[in-house]
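Step one of this worksheet: look at the structure below.
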Amino acid sequence: MARKALLISPERCIGCRGCQTACKEWNHLPGTKTVNRGTVENPPDLTPYLYNRIRYIETATEADMVRWLFVSQRCMHCGDAGCIKICPAPGALFRTKEGAVAFNKEKCIGCKLCVAGCPFDVPRYDDKDKISKCHLCYDRTSEGLLPACAKTCPTGAIRYGERDALIGMAKKEGYGKVYGEADLDGLGALYAFIDPPKLYGMSEKPAIPESVVFWHKVLKPLAYIGLGGAVAAAVLHYVAFGPKKDEEVKKDE
Ligand code: SF4
Ligand code: SF4
Ligand code: SF4
């Protein structure tokens, strides 16, 4: 099956956050209490119960006018996914036939190593210490439905389809460079930017941390030879981050 992706176009986005709500509805994610920070951007970050967030970026035009950029923050469904690379629990994170990176909470052991492996700070943990993030609606797309966020977006700022066709479409629309076209073996969330990625709050060159690459190549297979998933995770955690700090130990208790 040809790899599928989302094409996100901030220039088309009106910041209505219909996509945020649709995602919560489809995934039965509860609302969480937030505080008024003097902005309509809400919540201030991804949470275990918010897989897609619209960031409101205020910038200035050359004529000193305000320019708003609305950018969807979510899992990027990396072709080379640091989260899958470092995860010591088989099946907790997996690649779907559409090319998305999905998860199985039943198999997640709550080690949080995927946080260290992700170049985009995406994975979050729910109240049972299980991974939570966008799964590209593989439960819908496998049935021929659009992802809930893409289906809901009234302006076409989130489009879903064959990845190559989306890249071709963005280029035809005049976007010279599509963010995510080649990085990390190609992202499954592509962005049509007219300005450098930095303006949209994105890293110019996202990369998996070297320690994760090392683990994947050398130590993870060794850890599996004689250790179960939870023990391997503890060893991996120790070598990747060092001993747990007091507060971290307390929080985990
Ligand atoms: S963005 Fe992070 S969580 Fe999503 S696939 Fe890439 S490494 Fe994994
Ligand atoms: S693809 Fe599905 S899970 Fe991902 S942000 Fe959109 S609605 Fe949420
Ligand atoms: S639904 Fe579409 S227009 Fe509305 S915030 Fe989401 S991406 Fe933007």
Side-chain angles (χ1 to χ4, degrees), residues 3-29 40-42 46-57 68-87 92-96 98-103 108 112-125 131-143 145-161 179-180 183-192 200 202-203 206-209 212-213 216:
R3 187 175 170 194
K4 300 287 185 11
L6 291 170
L7 175 64
I8 295 159
S9 312
E11 308 301 329
R12 286 177 170 228
C13 177
I14 54 173
C16 68
R17 292 187 305 188
C19 51
Q20 268 188 215
T21 311
C23 176
K24 276 174 104 64
E25 272 190 23
W26 177 254
N27 290 295
H28 305 291
L29 299 170
V40 279
E41 179 191 70
N42 190 40
L46 291 175
T47 76
Y49 313 108
L50 184 75
Y51 298 168
N52 165 45
R53 183 179 85 96
I54 297 297
R55 277 187 291 142
Y56 286 53
I57 298 167
W68 281 101
L69 295 169
F70 306 115
V71 187
S72 164
Q73 179 189 4
R74 57 172 64 239
C75 174
M76 308 294 263
H77 301 283
C78 314
D80 182 14
C83 58
I84 294 183
K85 265 198 159 111
I86 200 167
C87 179
L93 282 157
F94 63 94
R95 180 88 48 196
T96 70
E98 293 84 10
V101 175
F103 56 85
C108 173
K112 300 187 174 76
L113 281 164
C114 54
V115 174
C118 176
F120 297 100
D121 184 30
V122 167
R124 298 289 188 271
Y125 285 80
I131 185 169
S132 269
K133 67 169 197 70
C134 166
H135 44 74
L136 204 45
C137 277
Y138 77 104
D139 48 349
R140 291 175 59 91
T141 57
S142 57
E143 299 297 324
L145 298 171
L146 287 173
C149 53
K151 169 91 179 160
T152 301
C153 179
T155 64
I158 302 177
R159 286 173 283 180
Y160 177 80
Y179 186 84
D183 291 317
L184 299 164
D185 287 351
L187 303 180
L190 302 158
Y191 287 74
Y200 302 85
M202 305 289 252
S203 155
I208 300 172
V212 173
V213 177
H216 179 67

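Counting convention: from 1, in listed order, for ligands and their atoms alike.
- Side-chain contact check for L136 versus E98: every heavy-atom pair is 4.5 Å or farther apart.
- Of all protein heavy atoms, the one lying nearest to atom 3 (S) of ligand 2 is N27 ND2, 3.6 Å.
- Looking at I158 against ligand 3, only its side chain comes within 4.0 Å, counting heavy atoms.
- The distance from ligand 1 to the heavy atoms of G82 drops below 4.0 Å at these ligand atoms: 7 (S).
- Note: S72 OG to I8 CD1 = 4.0 Å, rounded to the nearest 0.5 Å.
- Residue contact annotation: C118 places an N/O/S atom under 2.8 Å from atom 2 (Fe) of ligand 1.
- Put simply, part of P154 is less than 4.0 Å from ligand 3, judged by heavy atoms.
- Scanning the protein heavy atoms around atom 1 (S) of ligand 3, the nearest turns out to be C19 N, 3.3 Å.
- If you look at A157 next to ligand 3, the close heavy atoms, those under 4.0 Å, all belong to the side chain.
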Are C19 and I54 close enough, and set up right, to give a side-chain contact (heavy atoms from CB on, under 4.5 Å), and what steps lead you there?
-> CA-CA 8 Å; C19 51; I54 297 297; 3.7 Å; yes
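- Ring geometry, W68 versus F70: the interplanar angle falls under 30°, so the pair is classed parallel (tilted spans 30 to 60°).
- Side-chain atoms of L69 and E11, non-hydrogen and from C-beta on, do get closer than 4.5 Å to each other.
- Of all protein heavy atoms, the one lying nearest to atom 4 (Fe) of ligand 3 is C16 SG, 2.2 Å.
- In terms of protein heavy atoms, atom 2 (Fe) of ligand 3 is closest to C153 SG, 2.3 Å.
- Each of the following atoms of ligand 2 lies closer than 4.0 Å to a heavy atom of N52: 5 (S).
- Atoms of ligand 3 lying under 4.0 Å from at least one heavy atom of I14, given by number and element, are 3 (S), 8 (Fe).
- The shortest side-chain heavy-atom distance between C87 and F94 does not fall under the 4.5 Å cut-off.
- In terms of protein heavy atoms, atom 6 (Fe) of ligand 2 is closest to C149 SG, 2.3 Å.
- Of the residues listed (C75, P48, C114), the one engaging P123 in a side-chain contact (heavy atoms from CB on, under 4.5 Å) is C114, and it is the only one.
- Both the sub-6.0 Å distance and the 45° axial angle are not jointly satisfied by K133 relative to the ring of F103.
- Side chains of L187 and F120 form a contact here, defined as non-hydrogen atoms less than 4.5 Å apart.
- The two residues R95 and H77 have their closest heavy-atom pair at NH1-O, 4.1 Å.
- For the pair G15 and ligand 3, a heavy-atom separation below 4.0 Å is found.
- Proximity of T152 to ligand 3 is not established, as no heavy-atom distance is less than 4.0 Å.
- Of the heavy atoms in R140, none comes closer than 4.0 Å to ligand 2.
- Nearest protein heavy-atom neighbour of atom 5 (S) of ligand 3: R17 N, 3.0 Å.
- Residue-ligand proximity, T155 to ligand 3, at heavy-atom distances under 4.0 Å covers atoms 3 (S).
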Output, in order, the C-alpha distance, side-chain angles, deciding distance and verdict of side-chain contact (heavy atoms from CB on, under 4.5 Å) for Q20 and N42.
-> CA-CA 10 Å; Q20 268 188 215; N42 190 40; over 6 Å; no
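- A heavy-atom distance below 4.5 Å is found between the side chains of L184 and P206.
- Near A148, the atoms of ligand 2 lying under 4.0 angstrom from a non-hydrogen atom of the residue are 7 (S).
- Counting protein heavy atoms only, atom 8 (Fe) of ligand 3 is closest to C13 SG, 2.3 Å.
- Atoms of ligand 1 lying under 4.0 Å from any heavy atom of C78, numbered from 1 in the order shown and given with element: 1 (S), 5 (S), 6 (Fe), 7 (S).
- Contact atoms of ligand 1 toward F120: 1 (S) (distance under 4.0 Å to a heavy atom of the residue).
- Not a single donor-acceptor pair under 3.5 Å links the side chain of R55 to the backbone N or O of Q73.
- With a 4.0 Å heavy-atom cut-off, ligand 2 is reached by the side chain of P147 but not by its N, CA, C or O.
- Residue contacts with ligand 1 include P119, since one or more of its heavy atoms lies under 4.0 Å from the ligand.
- More than 12 heavy atoms of other residues, nucleotides or ligands sit less than 6.0 Å from atom NZ of K24.
- Counting atoms of ligand 2 from 1 in the listed order, those under 4.0 Å from a heavy atom of C23 are 3 (S), 5 (S), 7 (S), 8 (Fe).
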